[in-house]
Amino acid sequence: MPSYLWWPLLAWLLPLAGALGSRSHLWPWWLGFAICLLGALISLLLLVRLPWSRHKVPSLWGITPLLLPLLFLVQALRMPLLNDVSTDPYNPPPLRWAAELRTAQDLPINSPPLNAFEGKPGPLYTSASPVEAITEAHALMIQLGWQVRPSPDGLDAVATTGWFGFQDDVALRVFAGPKETRIDMRSASRQGRSDLGTNRARIEVFLIRLNERLGGAYKPKMQNKKEE
């Protein structure tokens with residue numbers, strides 16, 4: 001292989017190796033990030049040298065992986081600095097299973113109240129019974145590939161992210177009201193100060209899909225701080 005192809009190839013292989021190695025538990029997540037950062041530095045070097053390069057097409061190919069950290073940066077700037085999101089931030093479902101699973105290397109579990117933010121996902125109200133709601137929620141979690149365990153007031157689960165394989169803790173609480181059933185949800189990251197919107201999106205998508213499974217009688221609403 002010509003020498004001018006090695007650097008673009010490394011710029012692609014290092015981010016892939018860093019992420020997949022972390023997901024496969026070959027090394028800790030921070031080392032995976034460091035490997036990805038090394039790949040980004042190579043791409044940056046290729047970008048700086050591009051005007052003087054005699055092989056511009058391979059160099060452009062090696063610069064392309066820079067788009068990924070840029071997308072992460074844009075996402076981080078757009079999202080609030082959160083790693084623990086709930087439909088009920090003032091009385092969130094407790095992370096019972098997470099208390100058993102988290103280690104000293106993981107973040108401690110946040111005590112209520114959690115940070116409330118504009119546009120946070122709201123609870124789901126349904127005419128389905130609590131038993132039906134829990135049954136359908138359990139089936140949906142299994143379908144999504146989550147690890148699931150029953151809890152005294154609903155379900156506990158562990159969800160794995162797609163890229164680095166981060167494990168996030170989820171709690172679902174079902175409460176039977178006088179006229180309808182209320183479903184609250186919480187999703188919390190074990191690593192990192194910012195989840196880049198992952199926990200919020202997980203709750204929103206899950207409750208929408210659960211609502212569809214329960215007949216679609218109600219829609220989970222977005223709540224502003226003023227409404228609470």
Side-chain angles (χ1 to χ4, degrees), residues 82-103 106-162 165-191 195-228:
L82 297 171
N83 57 20
D84 192 348
V85 178
S86 176
T87 57
D88 186 356
Y90 301 105
N91 182 31
L95 297 173
R96 298 184 180 89
W97 200 13
E100 302 174 21
L101 297 175
R102 294 199 181 192
T103 66
D106 297 325
L107 293 171
I109 296 175
N110 295 317
S111 301
L114 306 179
N115 290 328
F117 60 95
E118 187 173 350
K120 76 172 185 63
L124 173 63
Y125 294 93
T126 175
S127 56
S129 68
V131 173
E132 183 182 359
I134 291 175
T135 301
E136 291 296 334
H138 185 278
L140 180 55
M141 288 179 177
I142 295 296
Q143 181 181 334
L144 293 171
W146 299 359
Q147 303 173 54
V148 190
R149 190 178 81 166
S151 68
D153 52 6
L155 296 167
D156 287 329
V158 176
T160 302
T161 62
F166 289 126
Q167 290 190 316
D168 299 337
D169 297 300
V170 178
L172 187 87
R173 181 177 63 205
V174 179
F175 172 76
K179 295 183 179 180
E180 54 194 1
T181 299
R182 171 171 171 158
I183 302 172
D184 281 293
M185 193 171 178
R186 180 179 182 182
S187 182
S189 304
R190 295 185 188 179
Q191 290 92 20
D195 61 9
L196 302 179
T198 298
N199 290 304
R200 170 184 175 178
R202 178 181 292 123
I203 292 175
E204 291 174 355
V205 172
F206 185 88
L207 291 183
I208 289 172
R209 293 184 62 177
L210 179 59
N211 182 57
E212 292 172 353
R213 295 176 72 105
L214 293 172
Y218 296 83
K219 296 290 183 185
K221 295 191 299 182
M222 305 306 227
Q223 294 183 348
N224 297 326
K225 284 183 180 180
K226 295 179 181 179
E227 296 177 355
E228 299 177 356

Residue pair Pro121 / Met185, side-chain heavy-atom distance below 4.5 Å: no
Closest approach of Val148 to Met141 (non-hydrogen atoms, all atoms of both residues): CG2-CB, 3.5 Å
Arg182/Asp88 salt bridge by N-O under 4.0 Å criterion: yes
Side-chain heavy-atom pair Leu114, Arg186 within 4.5 angstrom cut-off: yes
Option passing side-chain hydrogen bond (donor to acceptor under 3.5 Å, both in side chains) with Ser187 (candidates Thr87, Asn83, Asn199): Asn199
4.5 Å side-chain heavy-atom contact, Arg202 and Thr161: yes
Taking every non-hydrogen atom, the tightest pair across Leu95 and Ala188: CD1-CB, 3.8 Å
Test side-chain hydrogen bond (donor to acceptor under 3.5 Å, both in side chains) applied to Arg190 and Asp106, Asp168, Asp169, the passing residue: Asp169
Interatomic spacing from OG1 in Thr126 to CG in Leu207 - rounded to 0.5 Å: 11.0 Å
Spacing of CH2 belonging to Trp97 relative to CZ belonging to Arg102, to within rounding of 0.5 Å: 13.0 Å
Heavy-atom closest contact (Ala133 atom, Leu214 atom, distance): CA-CD2, 4.0 Å
Which atom of Gln143 lies closest to which atom of Arg213, heavy atoms considered: OE1-NH1, 3.1 Å
Separation between OG of Ser86 and CD1 of Ile203, rounded to the nearest 0.5 Å: 6.0 Å
Asp153 and Arg173 ion-paired at < 4.0 Å: no
Heavy-atom side-chain proximity of Gln147 to Leu101 below 4.5 angstrom: no
Thr160 side chain vs Gln167 backbone, donor-acceptor pair below 3.5 Å: no
Inter-residue atom distance Leu172.CG - Ser151.OG, 0.5 Å rounding: 7.5 Å
Asp195/Val85 under side-chain contact (heavy atoms from CB on, under 4.5 Å): CA gap, chis, key distance, verdict: CA-CA 10 Å; Asp195 61 9; Val85 178; 4.2 Å; yes
From His138 atom NE2 to Ile142 atom CD1, the distance as rounded to the nearest 0.5 Å: 4.5 Å
Thr181 side chain to Ala128 backbone, donor-acceptor under 3.5 Å: yes
Check against side-chain contact (heavy atoms from CB on, under 4.5 Å), Phe175 and Asp184: CA-CA 8 Å; Phe175 172 76; Asp184 281 293; over 6 Å; no
Atom CZ of Phe166 with >12 non-hydrogen neighbours under 6.0 angstrom: yes
Full working for side-chain contact (heavy atoms from CB on, under 4.5 Å) between Asp156 and Glu100: CA-CA 12 Å; Asp156 287 329; Glu100 302 174 21; over 6 Å; no
Test side-chain contact (heavy atoms from CB on, under 4.5 Å) applied to Phe206 and Val170, step by step: CA-CA 11 Å; Phe206 185 88; Val170 178; over 6 Å; no
